[in-house]
Q: 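Below is one structure. I have some questions about it.
As the structure is a prediction and not an experimental result, all values here were calculated from the model.
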Amino acid sequence: MLWMNMPGKLSDGMELVTPFEPGEIVCAFHDIDGTHSKIRDWVPVMTLVTGCVASYGMFQGSPEEIAASIRKYGKESFPEAHRFAIESAGLSALTQMEWALRMAKRLNGTSDETNENIISAIWQGAELFEDSGEDPEMVSCLKDDASSLFKAYEILLLEMGRDQNLAAAEKDPEAWRIPGSMAFLQTLKENGVENYFITGAVVEYDSSGTPRGTMYEEIQALGYEVGPGKLIEGFVGSSWNEKLPKIEIMKELIRRKNLDPRKVLVIGDGRSEIFAGKELGCITVSRLDVQAERAREIHRKLQTNLIVPDFCNFSKVFFSKR
């Protein structure tokens with residue numbers, strides 16, 4: 001049995017934000033990008049894509065053609081989109097694309113009260129708006145555009161650094177993992193805790209049920225084994241067309257595995273997974289650099305339990321065997 005304690009003393013960079021009840025941990029839900037992996041430098045790409053569309057409207061054509069159109073604006077800065085990228089970390093990429101498309105309506109003068117309310121709700125971390133009363137045809141069109149834009153974003157993400165970083169990670173995985181990540185995951189696994197990776201990136205499966213896709217390539221490059229009984233028990237993500245907020249993924253895992261949420265650990269660097277963990281009654285750990293002042297401020301407001309800069313001292317500070 002792995003027991004999580006309230007420590008008397010914290011290491012440098014750690015913060016206890018909201019005290020928690022010490023207890024057994026049986027399962028852990030982990031975000032990947034920014035929490036365990038350094039491969040994706042996604043903020044500049046998200047800023048470019050959402051800022052460009054918010055400013056100039058949706059581009060037409062295939063995802064490849066949309067990416068080519070956006071690429072031409074690569075030297076422009078989009079301050080509001082950059083702020084949104086930071087604030088929206090952890091949300092589904094489809095929600096982030098939707099924000100850009102709705103902002104384009106504001107800037108071209110076609111926004112209405114419902115659109116403005118949804119923009120505000122996305123800033124606060126909301127993702128699903130089925131009861132908004134919007135025209136179904138407009139919602140369908142927006143959904144299609146968000147899917148195409150998401151694919152264009154992924155094209156740009158790969159070419160603007162991810163592929164180069166992936167190649168480097170394949171040669172030196174440790175340099176591209178958050179410090180202490182592998183040892184932390186192994187400690188959990190060795191003590192009977194099942195680890196699940198949960199991501200806003202697309203996760204697809206082949207006919208045998210094996211994951212595939214760009215995020216899975218990154219997990220493999222970093223040395224994290226995925227599958228029943230392995231270091232990472234399961235890997236769940238989004239799709240190109242349908243939003244799957246992390247809270248819905250977590251709810252389903254808790255239901256399917258009949259878990260007591262109080263025995264579940266949620267670890268991430270985005271607002272969505274920390275909000276979900278708090279909402280479900282789990283213990284939450286925010287993995288944030290000391291220099292990430294705005295992100296730390298957001299997570300304090302979410303009343304996360306702990307903020308840590310990495311996992312180097314995490315196990316010895318917080319865990320004991322019972």
Side-chain angles (χ1 to χ4, degrees), residues 2 4 20 23-37 88-98 121-122 124-131 143 146-147 150 185 188-189 192-216 218-219 224-287 302 304-305:
L2 193 65
M4 189 162 182
F20 58 91
E24 183 185 9
I25 299 296
V26 301
C27 194
F29 301 154
H30 307 257
D31 175 57
I32 307 166
D33 186 35
T35 301
H36 289 283
S37 170
S88 66
L91 297 185
S92 163
L94 287 171
T95 300
Q96 293 167 314
M97 301 303 128
E98 179 178 343
I122 291 173
Q124 298 303 314
E127 300 202 65
L128 300 177
F129 312 106
E130 290 92 342
D131 299 327
K143 179 181 175 182
S147 178
F150 182 12
L185 289 164
L188 293 173
K189 170 65 179 171
V193 177
E194 291 188 347
N195 294 304
Y196 285 84
F197 274 169
I198 297 173
T199 178
V202 170
V203 178
E204 299 174 304
Y205 301 89
D206 63 20
S207 57
S208 67
T210 301
R212 62 184 183 183
T214 59
M215 183 60 79
Y216 186 58
E218 294 164 33
I219 288 172
Y224 303 119
E225 294 186 339
V226 178
K230 296 185 178 180
L231 181 66
I232 307 301
E233 185 75 17
F235 174 39
V236 189
S238 189
S239 73
W240 293 116
N241 303 305
E242 297 293 338
K243 292 181 189 177
L244 189 55
K246 289 178 181 175
I247 191 169
E248 299 303 323
I249 297 174
M250 293 182 193
K251 281 180 180 178
E252 175 58 21
L253 284 171
I254 287 171
R255 183 200 65 77
R256 178 160 56 85
K257 298 184 68 61
N258 193 28
L259 296 170
D260 180 346
R262 293 171 298 179
K263 297 182 179 182
V264 174
L265 189 62
V266 175
I267 305 102
D269 69 328
R271 76 158 62 229
S272 63
E273 56 264 24
I274 299 304
F275 171 81
K278 295 298 294 183
E279 189 78 2
L280 296 170
C282 309
I283 297 176
T284 58
V285 178
S286 301
R287 205 304 299 171
L302 290 170
T304 189
N305 293 111

Q: Counting distance only, does the side-chain N/O of Thr35 pair as donor-acceptor with the main-chain N or O of Asp269 below 3.5 Å?
A: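 Yes; judged by distance alone, with no hydrogens or angles, the pair exists.
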
Q: Do Leu185 and His36 make a side-chain contact, defined as non-hydrogen atoms from C-beta onward lying under 4.5 Å apart?
A: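 Touching, per the 4.5 Å side-chain cut-off.
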
Q: Is any side-chain heavy atom of Leu253 less than 4.5 Å from a side-chain heavy atom of Ile198?
A: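 With C-beta onward as the side chain, the pair touches.
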
Q: Would you name the heavy atoms of Ser92 and Ser238 that are closest together and state the gap between them?
A: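 Answer, listing the atom of Ser92 first, then Ser238: OG-OG, 4.1 Å.
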
Q: How about Phe29 and Leu259: do any of their side-chain heavy atoms sit closer than 4.5 Å?
A: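 Of all side-chain heavy-atom pairs linking Leu259 with Phe29, at least one is under 4.5 Å.
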
Q: Can you tell me if CD on Glu252 sees more than 12 non-hydrogen neighbours from other groups inside 6.0 Å?
A: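 Counting other residues, nucleotides and ligands, CD of Glu252 exceeds 12 neighbours.
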
Q: Find the distance between CZ (Phe150) and CG (Leu94) and round it off to the nearest 0.5 Å.
A: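 CG of Leu94 is found 5.5 Å from CZ of Phe150.
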
Q: When you compare the side chains of Gln96 and Ser88, does any donor N or O come within less than 3.5 Å of an acceptor on the partner?
A: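 Yes.
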
Q: For a 4.5 angstrom cut-off between non-hydrogen side-chain atoms, does Glu233 reach Pro228?
A: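 The answer is yes, as the side chains (C-beta and beyond) meet within the 4.5 Å cut-off.
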
Q: Just how far is it from atom CG of Leu128 to atom OG1 of Thr95, taken to the nearest 0.5 Å?
A: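 Answer rounded to 0.5 Å: 7.0 Å.
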
Q: I want to check something: taking the side chain as every heavy atom from C-beta on, are Glu279 and Met250 in contact at a cut-off of under 4.5 Å?
A: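 In short, these two side chains do not touch, never coming nearer than 4.5 Å.
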
Q: Could you check whether any side-chain heavy atom of Phe275 comes within less than 4.5 Å of a side-chain heavy atom of Gln124, counting everything from C-beta outward?
A: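 Not in contact.
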
Q: For the residue pair Leu280 and Val264, establish whether any side-chain heavy-atom pair is separated by less than 4.5 Å.
A: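 No; the side chains remain at least 4.5 Å from each other.
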
Q: Calculate, to the nearest 0.5 Å, the distance between atoms CG and CD1 belonging to Leu265 and Ile25 respectively.
A: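 Here the rounded value is 5.0 Å.
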
Q: So, does Ser37 use its side chain to make a donor-acceptor pair with the main chain of Ile32 at under 3.5 Å?
A: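 It does not hold such a pair.
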
Q: Quick one: closest heavy-atom pair of Cys282 and Val266, and the distance?
A: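 Shortest heavy-atom separation between Cys282 and Val266 comes out as CB-CG2, 3.8 Å.
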
Q: Has Lys189 got a side-chain atom pairing as donor or acceptor with Gly229's backbone, closer than 3.5 angstrom?
A: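 Here the side-chain-to-backbone pair exists.
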
Q: With a 4.0 Å cut-off on N to O distance, would you call Glu98 and Lys143 a salt bridge?
A: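 Not counted as a salt bridge, because no side-chain N and carboxylate O are separated by less than 4.0 Å.
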
Q: Without swapping roles, check the side chain of Glu248 against the backbone of Pro245 for a donor-acceptor pair under 3.5 Å.
A: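 No, Glu248 side chain to Pro245 backbone: no donor-acceptor pair under 3.5 Å.
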
Q: Roughly how far apart are Ile254 CD1 and Ile249 CD1, rounded to 0.5 Å?
A: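 Those atoms lie 12.0 Å apart.
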
Q: Roughly how far apart are Thr199 OG1 and Ile219 CD1, rounded to 0.5 Å?
A: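 Nearest 0.5 Å value for the OG1-CD1 distance: 7.5 Å.
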
Q: Check Leu244 against Gly237 and note the closest heavy-atom contact, atom names and distance.
A: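 Nearest pair, atom of Leu244 first, then Gly237: CD2-O, 3.4 Å.
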
Q: Does Lys243 reach the main-chain N or O of Glu127 with its side chain, forming a donor-acceptor pair under 3.5 Å?
A: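 Yes: the side chain of Lys243 pairs with the backbone of Glu127.
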
Q: When you compare the side chain of Asp33 with that of Met215, does any pair of heavy atoms fall below 4.5 Å?
A: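 In short, these two side chains touch, coming nearer than 4.5 Å.
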
Q: So which heavy atom on Ser272 is nearest to which on Lys246, and how close?
A: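 Taking every non-hydrogen atom into account, OG-CD, 3.5 Å.
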
Q: Verify, without hydrogens or angle tests, whether Arg287 (side chain) and Gly34 (backbone) share a donor-acceptor contact under 3.5 angstrom.
A: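 Checked: pair present.
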
Q: About how many Å separate OG1 of Thr284 and CD1 of Ile274, when rounded to the nearest 0.5 Å?
A: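 One gets 5.0 Å once the value is rounded to the nearest 0.5 Å.
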
Q: Closest approach of Ser147 and Asn241, non-hydrogen atoms and distance?
A: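 Nearest heavy atoms, Ser147 then Asn241: OG-OD1, 2.8 Å.
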
Q: Would you call the rings of His30 and Phe197 parallel, tilted or perpendicular, taking 30° and 60° as the class edges?
A: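 His30 vs Phe197 ring planes: perpendicular.
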
Q: For Ser286 versus Thr304, what's the shortest heavy-atom pair and its separation?
A: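 Shortest heavy-atom separation between Ser286 and Thr304 comes out as OG-OG1, 3.0 Å.
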
